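Quick notes on the structure that follows.
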Amino acid sequence: MIREPMAEFLGVAVFVIFGAGADAQATLSTDPNVAAVHKGEYISTNFGWGIGLAMAVWISAGISGGHVNPAITLALATWRGFPWKKVPAYIFAQVMGGIVGAGLVYAQYIHAIDIFEGGRDVRTLATAGFFSSFALDYLTAVSCFFSEFLGTAVLAFVIMAATDKKNAAPPTALLPLVLFLTLLGLGAALGMQTAFSFNPARDFGPRLFLSMAGYGREVYTYRNQYWLWCPILGGILGAQAAVGLYDTFLYNPSSDDEKADRLGTSSNDR
């Protein structure tokens, strides 16, 4: 009973370690009191999140289906027959993985954060952005939502295509590489304005950790409940739309055996 949720937990934790760690290193190293030489650029953060997703799926795909994203779990339950009884455990494990991954990165960089912020008792959105997503000031609320909706939709659509055996799907062992390239591309193309969450667990789990680490209520009150309607609802609805679109126009299951072999259905469900 614990094996599949544990795979999701560890997958998301590793995902956040790579991604948040890259964000932290790239920004903290701009302070000469932290590092003598700048050790990262925006593209390095894209690589961090992309590699993190690849490693997360590699860790969990053969055990839990490699969802590592509540938006994907809910979309598979809605459209692909993933058991609804497993959904709460999967999402809980994913969010907890986000908390633990963020906590480990915070422990790694706590002294650099102290220097960057100006003290142990100072915590602002300047470093909260390493862990959770916050939009640029000029964006409207609708644009914030659309950015997360679109990015998650593209990610989910590619996942459906990459796991569709009737659509030139790559070998299962290459799926992490496909997802690495997908998230790397999404970060480079669509990530600037909202820091490309595209995954409710990778945003909400670290956000819960931030509230434990002294960042206060601002991580929730920012932009009038931004945390809920943008990285959570935007992502969930984007994945629903993408999988619905793929299944309506492109997907063509041939048998119950092939249905059981889709992403999100482990051997224990067959």
Side-chain angles (χ1 to χ4, degrees), residues 8-31 34-35 37-61 66-72 94-95 97-113 116 125-136 147-148 151-152 154-155 158-159 174-210 213 215 219 231 235:
E8 292 291 304
F9 166 82
L10 292 171
V12 175
V14 168
F15 179 33
V16 172
I17 288 170
F18 275 92
D23 278 347
Q25 179 168 285
T27 301
L28 293 172
S29 64
T30 61
D31 188 326
V34 172
V37 179
H38 189 195
K39 300 183 182 298
E41 303 292 343
Y42 176 69
I43 191 62
S44 67
T45 68
N46 294 342
F47 270 96
W49 287 110
I51 293 171
L53 179 58
M55 297 301 102
V57 172
W58 201 353
I59 288 167
S60 60
H67 299 191
V68 295
N69 187 334
I72 299 300
Q94 290 158 357
V95 172
I99 294 174
V100 170
L104 292 172
V105 173
Y106 185 80
Q108 171 77 2
Y109 285 109
I110 186 169
H111 300 297
I113 291 173
F116 189 88
L125 295 186
T127 56
F130 305 157
F131 306 94
S132 293
S133 60
F134 299 90
L136 296 179
S147 180
E148 288 295 315
T152 311
V154 173
L155 176 62
V158 171
I159 290 173
L174 291 181
L175 181 59
L177 175 61
V178 172
L179 297 181
F180 160 66
L181 293 173
T182 302
L183 194 57
L184 176 64
L186 283 171
L190 305 177
M192 177 184 73
Q193 299 188 121
T194 59
F196 65 105
S197 170
F198 307 158
N199 182 333
R202 97 91 174 139
D203 183 270
F204 184 59
R207 202 175 294 266
L208 288 173
F209 170 77
L210 291 174
Y215 281 81
V219 296

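Worth saying up front: this structure is predicted, and the values here are computed from it rather than measured.
- Note that CG of D31 is 12.0 Å distant from CD1 of I113, once rounded to the nearest 0.5 Å.
- The line from CD of E41 to OG of S29 is 8.0 Å long, rounded to the nearest 0.5 Å.
- Ring pair Y215/Y106 is perpendicular by interplanar angle, where above 60° counts as perpendicular and below 30° as parallel.
- Counting only distance, with no hydrogens or angles, the side chain of N69 and the backbone of F198 share a donor-acceptor pair below 3.5 Å.
- Closest non-hydrogen pair, V219 versus A128, comes out as CG1-CB, 4.4 Å.
- In this structure, the side chain of Y42 engages the main chain of G187 through a donor-acceptor pair within 3.5 Å.
- Contact record, Q94 with V12: O-CG1, 3.3 Å, taken as the closest heavy-atom pair.
- A102 approaches F131 most closely through the heavy-atom pair O-CE2, 3.5 Å.
- Here the shortest heavy-atom pairing between A56 and F15 reads CB-CB, 4.0 Å.
- The backbone N or O of G40 sits nowhere less than 3.5 Å from a side-chain atom of Q25 that would complete a donor-acceptor pair.
- One N or O on the side chain of S132 and one on the backbone of D203 form a donor-acceptor pair closer than 3.5 Å.
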inquiry  = Between L28 and Y109, does the side-chain contact (heavy atoms from CB on, under 4.5 Å) criterion hold? Intermediate values first, please.
reply    = CA-CA 9 Å; L28 293 172; Y109 285 109; 3.9 Å; yes
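- Residues T30 and F116 meet the side-chain proximity criterion, which asks for heavy atoms closer than 4.5 Å.
- At least one side-chain heavy atom of N199 sits less than 4.5 Å from a side-chain heavy atom of P70.
- Across L179, N46, L53, a single residue satisfies side-chain contact (heavy atoms from CB on, under 4.5 Å) together with L184, and that is N46.
- W58 CH2 to I51 CD1: the interatomic distance, rounded to the nearest 0.5 Å, is 12.0 Å.
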inquiry  = What verdict does the side-chain contact (heavy atoms from CB on, under 4.5 Å) test give for F47 and F18, after you've listed the backbone C-alpha separation in whole Å, the side-chain angles of each residue and the deciding distance to 0.1 Å?
reply    = CA-CA 9 Å; F47 270 96; F18 275 92; over 6 Å; no
query = side chain to side chain donor-acceptor pair (under 3.5 Å) between T194 and E148: does it pass, once the steps are laid out?
reply = CA-CA 7 Å; T194 59; E148 288 295 315; 2.8 Å; yes
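- The shortest heavy-atom contact between F134 and R207 is CE2-NH1, 3.3 Å.
- The shortest heavy-atom contact between V16 and P206 is CG1-CG, 4.2 Å.
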